[in-house]
Novice: 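There's a structure below that I have some questions on.
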Amino acid sequence: MDLRIKSFEEYQAKYKQSVDQPEQFWSEVADHYQWQSPWGQVLDWNFKEPNVKWFLNAKLNITENCLDRHVETRGDQTAILWESNFPDRDNIRLSYTQLHAEVCRAANALKSMGVKKGDRICLYMPMIPELAISVLACARIGAIHSVVFAGFSAQALADRINDATCNVVITSDGLYRGAKQVGLKSIVDEALQQCDSIEHVLVKKCTGEDIGWSEGRDQWWDDIVPQQSATCAAEVMDSEDPLFILYTSGSTGKPKGVVHTCGGYMVYAGYSFANVFQYEEGDIYWCTADIGWITGHSYIIYGPLLNGATTMMFEGVPTWPDAGRFWQIVEKHKVNQFYTAPTAIRALMSCGNDVVTPYDLSSLKVLGTVGEPINQEAWDWYKQMIGKGTVPIVDTWWQTETGGIMISGLGGHSPQQATFAGYPLPGIQPCLVDTEGNEITENGVEGLLCMKFPWPSILRTTYGDHERCRITYFSHYNDMYFTGDGARRDENGMYRIIGRVDDVINVSGHRFGTAEIENAINESEYVVESAVVGYPHDIKGQGIYAYVIQEKAPDDLEAAKKEIIATVVKEIGPIAKPDKIQFVSGLPKTRSGKIMRRILRKVAEGEPDKLGDTSTLLDPSVVDEIVGGAV
Ligand code: WTA
């Protein structure tokens, strides 16, 4: 299956075709995959309800495209190359034949536990091969996987399990992250005190630490999986059957379960991987994300395996045992495509060049970034220090909701400009609108980034609450999907993403809703009210700044801050810890009671002289106190 576009001219022609004849275009792409039975209609859609269906009534199983097909043609090639947290431990290489067998065993084990098509399975696991195997095992039998990043707290895990009423959790005893060892099973045990739907917990041994055990509910992976048969018929899935749920934060309420379906997601994940990374036969591809996020789903597991690639999975962290770890691994495995986040680039850049120069990075052919806007300095360093000035950078803009990369260069085939994601992939029709929802058609402008036309891997719904999906993404502007991002389009039509325009903060490439963090802070005993905003942070992109009102001003500031941080860690996880906390006696509210976040943002950004009009505030005097007490 070679889906690759091989020049900018070809891109332009394909792009035009994809807009003029989208159904024709996508059915030609979809023809590259194996279907059990073909589609009738290619596309049925409206953005009102919304209702989007691709490849209607076609039948398939994504794992036949990720595995079976390659077993026949490249069975001995490495599918997953796993690099341990510990540099001196052996790699694990799973060939396509071996991965196929492992996936079938895990699928049979799930079946033996009574798992059926449509059941929801929660995966709360380290970056070990069994995580990828479990994802594919669910897909094999038509169970819907819901991967929860193993840095989330017991409370966050319980919320996600309950929202999707999962009946099985797959986890491990613990995990390694650099020098740290973290218990996972203990977090699952705590979460499950609040979850009635879970019948089975499957536990992979990873760290060997002591864990609690619930007889009848808990089972060791190694006791039941290895003995299963290495064949398992792939469940017949409709194109529009759900493949997975992945929770993501928005500007209001609790995280939503974004639902992706089998056919469209498969077509787009495979197509975008082939084109953005320009993967060639025999290459070693490495994406450093965690499978707990969409990047890991689409570009560690599905995209690469659909293309018969060798995809690397790394258990560890970039800075342990030292800040040269990424580059040491690139040299060791002669990595050809390397895909990471700007926050990692900035963190490594700050460690100096001495940890980079010892390594031979000449294997690199494409460098990618994802998750947040990349600043010029980080882009330059990535290009010069890692890419030696010659390796193309693809700045890939996309979202959990889009399922795959939407705006990006295609390897070295696209014009490059630092900090610009560039042009849309074929089939993607972005537009900029003003705050009234009018499309801005000229170039050299800024606006709100929307999509005018569906693509195969657009989210179909938010689990259990379709109305929420409609309101969040399809109600702002008529007949458009609203991304929540602001963007600039330059004179040549290239897009530069500016960042979120809603109440979502992007911390180290992780999305949090301000309301979500505020709700967590408000669980703290003495807190009356809080307001959270983002502010520019050198490494994380954005930091979290919390304004907190307590019943009475705290005597011991440090102790009060610690208590609030501990509450956020308990409610969400360490990744959502506020970087700065300011205690205030009031928040700037309008007469109708709405918090004027603009003021809080300006203070957090260190620009108290740019507050703008404050005359509509109920009590303008709170502003002086907030400015005076800024931290
Ligand atoms: C931001 C991650 C600038 C953006 C795949 C988007 C980016 C949100 C880029 C989605 C990029 C992602 N340049 N900003 N290349 N990629 N973003 O759902 O604000 O975790 O809306 O998906 O990250 O985050 P999510």
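All residue numbers refer to positions in the sequence shown, counting from 1. One-based numbering, in listed order, for ligands and for the atoms of each.
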Novice: Please list, in number order, the atoms of ligand 1 under 4.0 Å from a heavy atom of Asp395.
Specialist: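 Counting atoms of ligand 1 from 1, those under 4.0 Å from Asp395 are 11 (C), 13 (N), 15 (N).
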Novice: At under 4.0 Å between heavy atoms, is it the side chain or the backbone of Ile294 that contacts ligand 1, or both, or neither?
Specialist: side chain
Novice: Quick one: does Gln399 get an N or O within less than 3.5 Å of an N or O on ligand 1?
Specialist: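 N/O-N/O distance under 3.5 Å: yes.
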Novice: Is the contact between Arg511 and ligand 1 made by the side chain, the backbone, both, or neither, using heavy atoms and a 4.0 Å cut-off?
Specialist: side chain
Novice: Can you sort out which atoms of ligand 1 are near Asn506, meaning under 4.0 Å from one of its heavy atoms?
Specialist: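 In order of number, 1 (C), 23 (O).
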Novice: Looking only at protein heavy atoms, which one is nearest to atom 13 (N) of ligand 1, and what is the separation?
Specialist: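 Here the nearest protein heavy atom works out to Glu372 O, 3.3 Å.
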Novice: Side chains of Trp398 and Ile407, heavy atoms from C-beta outward: is any pair under 4.5 Å?
Specialist: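 In short, these two side chains do not touch, never coming nearer than 4.5 Å.
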Novice: At a 4.0 Å threshold, what atoms of ligand 1 neighbour a non-hydrogen atom of Val370?
Specialist: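 Ligand 1 atoms under the 4.0 Å threshold to Val370: 5 (C).
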Novice: Would you check if the distance from the ring center of Phe273 to the ring center of Tyr271 is below 6.0 Å?
Specialist: no
Novice: Quick one: are Val433 and Met480 in side-chain contact, heavy atoms under 4.5 Å?
Specialist: yes
Novice: Numbering the atoms of ligand 1 from 1, which are under 4.0 Å from a heavy atom of Thr396?
Specialist: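 Here the atoms of ligand 1 in question are 9 (C), 11 (C), 15 (N), 16 (N).
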Novice: Starting from atom 10 (C) of ligand 1, locate the nearest protein heavy atom and write down its residue, its atom name and how far away it is, to 0.1 Å.
Specialist: Trp398 O, 3.5 Å
Novice: Does Ala421 reach ligand 1, in the sense of a heavy atom lying below 4.0 Å from it?
Specialist: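 Contact absent.
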Novice: Hey, what's the ring geometry for His145 with Tyr302, parallel, tilted or perpendicular (30° and 60° as the breaks)?
Specialist: parallel
Novice: Identify, for atom 4 (C) of ligand 1, the protein heavy atom at the shortest distance, and state residue, atom and that distance.
Specialist: Asp485 OD2, 3.1 Å
Novice: Side-chain contact test, heavy atoms from C-beta onward, threshold under 4.5 Å: evaluate it for Ile294 versus Gln399 and give yes or no.
Specialist: no
Novice: For the residue pair Lys48 and Phe474, would you count it as a cation-pi contact if the rule is NZ or CZ under 6.0 angstrom from the ring centre and within 45 degrees of the ring axis?
Specialist: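 Negative - Lys48 is either too far from the ring of Phe474 or too far off its axis.
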Novice: Taking the side chain as C-beta and beyond, is there a heavy-atom pair between Trp286 and Thr340 under 4.5 Å?
Specialist: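 No, too far: nothing below the 4.5 Å cut-off.
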Novice: Starting at CD1 of Ile5, measure out to CD of Gln12 and round the result to the nearest 0.5 Å.
Specialist: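 One finds 10.5 Å between CD1 of Ile5 and CD of Gln12.
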Novice: Please round to the nearest 0.5 Å and tell me the distance separating atom OG of Ser298 and atom OH of Tyr265.
Specialist: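 Separation between the atoms: 2.5 Å.
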Novice: Report the nearest protein non-hydrogen atom to atom 1 (C) of ligand 1: residue, atom name, distance rounded to 0.1 Å.
Specialist: Gly371 O, 3.3 Å
Novice: Counting only heavy atoms closer than 4.0 Å, does ligand 1 sit against the backbone of Thr295, its side chain, both, or neither?
Specialist: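 Thr295 to ligand 1: side-chain contact only, backbone stays beyond 4.0 Å.
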